[in-house]
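Presented below is the structure to which this report refers.
Reminder, nothing fancy here: chain letters follow the sequence lines and each chain counts from 1.
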2 protein chains.
Amino acid sequence: MITIGALSKRTGVNIETIRYYERIRLMPPPPRTDSGRRLYGAEDVRRLTFIRHARNLGFDIAAIKTMLTLQEVPEASCEQVSRIATDQLDAVESRIRRLLGLRTELTRMIKECDNGKVATCRIIEVLDDSSGHPDGP
Amino acid sequence: MITIGALSKRTGVNIETIRYYERIRLMPPPPRTDSGRRLYGAEDVRRLTFIRHARNLGFDIAAIKTMLTLQEVPEASCEQVSRIATDQLDAVESRIRRLLGLRTELTRMIKECDNGKVATCRIIEVLDDSSGHPDGP
DNA sequence: GTTGATTCTGTAGTGGCTACAGGAAGTAGG
DNA sequence: CCTACTTCCTGTAGCCACTACAGAATCAAC
């Protein structure tokens, strides 16, 4: 059994975040020492590692909760897990598309700026102009 | 002079958001009617349009505040504006890189999942495994 | 015994909104 | 003039996923 600090180091998850996960019932309330300190075991390390990896991949807490629940029924089909992952992939791809659009816009703006006076700055002009967006004329 | 509802429609910014912008001093407090309703003019439309475009491009409020302040000195150099835009471009590009990494990971995970049982699900295995991250072995 | 690290609880802050509640004032039709 | 409907007002609380305290207690090491 390890303390919260050790769990934090082992998993790379902030101590405050671990306690936050307990509050929102993403991690179960662990047993305590006589003085009230939390004690964690191997299963907690596994679960928190899972959570960290899923968070790193951008899954939100609700999705992670669902996946953790599904894991508790090993003979269940992993169709639902697959669907959550696919949804996440869709979300990531749409964010990529949006950011690529932004990049194009920003690049153009910056290229057109001659670092002159604010009064004639193309960056400001683009932002001012209601026709300055990608799908404009 | 137009009401907040008209300003909202003209700029595509939510009424609540306009009031929020006033609270955080991104928009100046407008004059009011005798009964206390806000009245906006052409300059407010311009400013709010600028804000909306900048937000659409992902600039944060602090950056927008700075750009708006710089605009008030038309003879100032737009070097600082250019720098804010360049920083934003850098941020966008780093987000793109991160998301492309996530996409690769997610795609691999999903491809390896045979939609069998949770117990043998590759998606869960990858998330469980501490070596499952992009820069792992 | 004394220092310094760790942990505890509880609360508040972050960014950028959004969603109410509960009331006042404006507008249109009869 | 009365009613119904819409807009607007203030103020507060909620969203997400944390993060940052304050102030107290306990632990480990010397």
| said: So if I define the base as every atom that isn't primed, P, OP1 or OP2, how would nucleotides 10-24 of chain D read as a B/S/- string at a heavy-atom cutoff under 4.0 Å? | reply: B------BBBBB---
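For B/Met1 and C/dG26, the CE to P distance is 16 Å, given to the nearest whole Å. The interatomic distance linking B/Asn56 (CG) with C/dC17 (C1') rounds to 14 Å, in whole Å. Rounded to a whole Å, the CG atom of B/Leu39 is 13 Å from the C1' atom of C/dG26. What separates CD1 of B/Ile18 from P of C/dA19 is a distance of 15 Å, to the nearest Å. Distance, B/Ile2 CD1 to D/dC8 P: 10 Å, rounded to whole Å. When the C1' atom of C/dT7 is taken as reference, atom NZ of A/Lys9 falls 13 Å away, rounded to whole Å. B/Ile64 has its CD1 atom 8 Å from the P atom of C/dC17, to the nearest Å. Across the protein-nucleic acid pair, B/Ile24 atom CD1 and C/dT18 atom C1' stand 14 Å apart, rounded to whole Å.
The CG atom of B/Asn14 sits 6.0 Å away from the OG atom of B/Ser8 when rounded to the nearest 0.5 Å.
By the 4.0 Å N-to-carboxylate-O rule, B/Arg46 lies close enough to A/Asp128 to be salt-bridged with it. Between B/Glu22 and B/Arg19 there is no salt bridge, since none of the side-chain N atoms of the basic residue sits less than 4.0 Å from a carboxylate O of the acidic one.
Taking for each of A/Ser35 and B/Arg37 the nucleotide of DNA chain D with the nearest heavy atom, the 5'-most of the two is the partner of B/Arg37.
For A/Glu79, the side chain to side chain donor-acceptor pair (under 3.5 Å) test picks out no residue, with sequence neighbours left out.
The number of heavy-atom neighbours closer than 6.0 Å to CD of B/Gln80, taken from other residues, nucleotides and ligands shown, is 12 or below. No more than 12 heavy atoms of other residues, nucleotides or ligands shown are found within 6.0 angstrom of CZ on B/Arg25.
Note on A/Thr3: a side-chain N or O is less than 4.0 Å away from OP1 or OP2 of C/dT7.
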